[in-house]
2 protein chains.
Amino acid sequence: MNDVAAEAGVALKTVSRVVNDERGVNPATADRVRAAIERLGYRRNDSARTLRRGRTASIGLVIEDAADPFYSGLSRAVEDVALRHGYLMFTGSSSEDPVRERDLVLAFCARRVDGLVIVPAGADHEYLTPELDAGISAVFADRPSGSGRDLDTVLCDNAGGARAGVAHLIAHGHRRVGFVADAPSIFTATQRWYGYRQALDAAALPYDPALIAMGPPEPARVEADVTRLLALADPPTALFTGNGRTTVATLRALDRPVALVGFDDFELADLLGITVVAQNPAGLGTAAADLLFSRLAGNREPAQRRQLPTRLIPRGSGEGAFRLL
Amino acid sequence: MNDVAAEAGVALKTVSRVVNDERGVNPATADRVRAAIERLGYRRNDSARTLRRGRTASIGLVIEDAADPFYSGLSRAVEDVALRHGYLMFTGSSSEDPVRERDLVLAFCARRVDGLVIVPAGADHEYLTPELDAGISAVFADRPSGSGRDLDTVLCDNAGGARAGVAHLIAHGHRRVGFVADAPSIFTATQRWYGYRQALDAAALPYDPALIAMGPPEPARVEADVTRLLALADPPTALFTGNGRTTVATLRALDRPVALVGFDDFELADLLGITVVAQNPAGLGTAAADLLFSRLAGNREPAQRRQLPTRLIPRGSGEGAFRLL
DNA sequence: TTGAAAGCGTTACCAG
DNA sequence: CTGGTAACGCTTTCAA
């Protein structure tokens, strides 16, 4: 900017005015400055700008895995909202590791992002306190925080969705429904398990722990669990799967037709005829980002907790059974 | 940092030394400083650090769409490499819009990212010249640049992969193979079309423009085109589809069994029995990021152009025909 | 081992 | 309309 000022024969401050489209600059002077900028290939240094103004016009997004269709849909939605507000977005994948989540969040904060959208991997967010005190806004998406300050949170109706899905199977005559999902340490898995129990209770069906298979999200674990369930002496006649990844892994493990309803819609589920409880990843991202930007705009209301609805989409596998051939 | 110094009763510089783990600080003093940091909830401002040091330890990634499984896989791979090097990553989706690509890249540069990985939406990259002169490194992934300085580029073997896929269909007796893909303005689509032609030529089969359906990536367009091809008086007995999205859209449009080979592997393609020419999105991202970081480490060799192999995976649809039921 | 001062490239504030 | 100067929070350089 100094060089440009010298080149154009004006003061530094005048260049700043032109660069920032401030009014009160002689058009002729402005043109001279712009010409100098062009000649020198000058580009404003936003780091310095940021330092001086105290706002970086950037946000940080921490998700579980950028390559997972659910989170990449959420990610794209957050990005769109950010860009619409003129903000840039840092992205990081926590890989379901609380330490990595924390490192990413703190690294973003060190860059002085104005706000954060976090899909928490851990339950403890005490580490956020100094950052929040420093004025950084944060919104939790998909899962709530287990500790720390009460913060804006956007979830989907996990229990309600699971309840509806399992009730659907029960309504079609099933009395033994297997439940395959992520480990109980994952908030959404536990919520969906609540929903499963509620549906059983509502139908006065017994809860059989032998029909529950919760664990790490690895496909191999899921496939082994499904195989085990189906090999029981008194096997389930239907399965409810706890998320998209689990549903897909389950499909691979089926060696015979079984009624199936899965939480999360996914690509080609319609072609395959899989009945699902759909949630809206993009909607989740948009809602979280909107909430964040309302905070950045000065909204000082108490922390909100929004819950997005789910939708049961019957496609055959929940009404009859899933069969590929 | 000033506040911490005051709180600890030392000079600013000493705090800086402690924060950066520089040696030559009395352990007792260091402890006092650390205690003050803890009390005040101090966090280093990396923007200021960046400004002073001239390196931001961040890169920018511009892809076509963060929600597309292909690009989200690439994205995750780039992120992993960046994090391993202690870098943070800005992400942006161009939506196949050259203007948006340019705006994103320039915004990243204004933040003084050290490097860029770009999946170009446009062919013109003259706008990068001042940035490159300023010392920012850039690597193109998935598609090359059509203009501007010669830069590192990582592609997959588009023509070779398509040739192999089409040859596979021909080897199974097909003499009329339809080609459904993105618009010719997209580099990969055109390259794959070359591969298609090469396979025909190698088998001495005539090229029939009526069998070519290239256009916007919208599913509706693809479905309409597929329907049109299959309704021809002399319809194709096999289809080659130009990428994952197109393959999926094509599946939806099929009203009868047709032999099918698709470029790009995708989730559940194995279950559905779709023969594909697989490329490796994560490998592409890793290669591009590795190349970028070698530049950031000082590698001054001439621009490289790497080509990653593709792999034909027979699963049934290319050997017989695709049928869901 | 510790500290003081200069400077990174901007913008805010006050003068002219 | 234009310009000077301080300040943002840090690291670099030099001195004690």
Side-chain angles (χ1 to χ4, degrees), chain A residues 1-34 36-37 40-58 86 88 106-107 109-114 130-131 134-136, chain B residues 1-34 36-37 40-58 86 106-114 130-131 134-136:
Chain A
M1 193 172 266
N2 238 323
D3 299 345
V4 175
E7 172 85 9
V10 298
L12 177 63
K13 179 61 212 177
T14 301
V15 178
S16 172
R17 287 206 177 89
V18 173
V19 167
N20 294 296
D21 287 321
E22 285 174 40
R23 50 174 204 170
V25 179
N26 187 312
T29 317
D31 281 344
R32 222 151 20 99
V33 171
R34 268 187 285 271
I37 288 177
L40 269 49
Y42 163 83
R43 299 292 158 86
R44 179 175 65 197
N45 183 331
D46 275 0
S47 294
R49 171 171 228 243
T50 269
L51 176 61
R52 187 59 243 236
R53 310 204 356 171
R55 265 193 46 240
T56 57
S58 61
L88 257 32
L106 292 182
C109 289
R111 303 299 172 93
R112 294 296 186 271
V113 295
D114 297 318
E131 326 300 323
I136 291 182
Chain B
M1 192 173 266
N2 237 322
D3 299 346
V4 175
E7 173 85 10
V10 298
L12 176 63
K13 176 62 211 174
T14 302
V15 179
S16 172
R17 287 205 177 88
V18 173
V19 167
N20 293 297
D21 288 320
E22 286 173 40
R23 53 177 201 169
V25 180
N26 188 313
T29 317
D31 281 345
R32 223 150 22 97
V33 170
R34 269 188 284 270
I37 287 176
L40 269 47
Y42 165 82
R43 300 289 160 86
R44 180 176 63 197
N45 183 331
D46 275 0
S47 294
R49 171 171 227 246
T50 268
L51 177 60
R52 188 60 239 238
R53 310 204 354 170
R55 264 195 47 239
T56 57
S58 61
L106 292 182
F108 292 161
C109 290
R111 304 299 172 95
R112 293 297 186 269
V113 295
D114 298 318
E131 325 299 332
I136 293 181

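These values consider heavy atoms only, across backbone and side chains, with no hydrogens, waters or symmetry-generated copies. The sequence lines fix the lettering, A, B, ..., with proteins before strands; numbering per chain opens at 1.
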Point-to-point distance, once rounded to the nearest 0.5 Å, from CG of Leu106(A) to CG of Asp46(B) = 11.0 Å
Report yes if some heavy atom in the side chain of Ser58(B) is under 4.5 Å from a heavy atom in the side chain of Arg111(B); otherwise report no.
-> no
In Å and rounded to the nearest 0.5 Å, what is the CG to CG distance from Asn2(B) to Leu12(B)?
-> 5.5 Å
Interface residues of residues 24-33 of chain A with DNA chain D (non-hydrogen, below 4.0 angstrom) | Gly24(A), Val25(A), Asn26(A), Thr29(A)
Please examine the side chains of Asn45(A) and Leu51(B), heavy atoms only from C-beta on, and report whether any two atoms are closer than 4.5 Å.
-> yes
Would you give a per-nucleotide map of nucleotides 9-16 of chain D, 5' to 3', where B means the base has a protein non-hydrogen atom under 4.0 Å away, S means only the sugar-phosphate does, and - means neither?
-> BBBB----
Contact check, side chains of Arg44(A) and Asn20(A), non-hydrogen atoms, under 4.5 Å | yes
Quick one: CD1 on Ile136(B) to CZ on Arg112(B), what's the gap to the nearest 0.5 Å?
-> 6.5 Å
Is the distance from OP1 or OP2 of dG3(C) to the nearest side-chain N or O of Thr14(B) less than 4.0 Å?
-> yes
How long is the gap from CG on Leu88(A) to CG on Asp114(A), to the nearest 0.5 Å?
-> 11.5 Å
Using a 4.5 Å cut-off on heavy atoms from C-beta on, say whether the side chain of Tyr42(B) contacts that of Val19(B).
-> yes
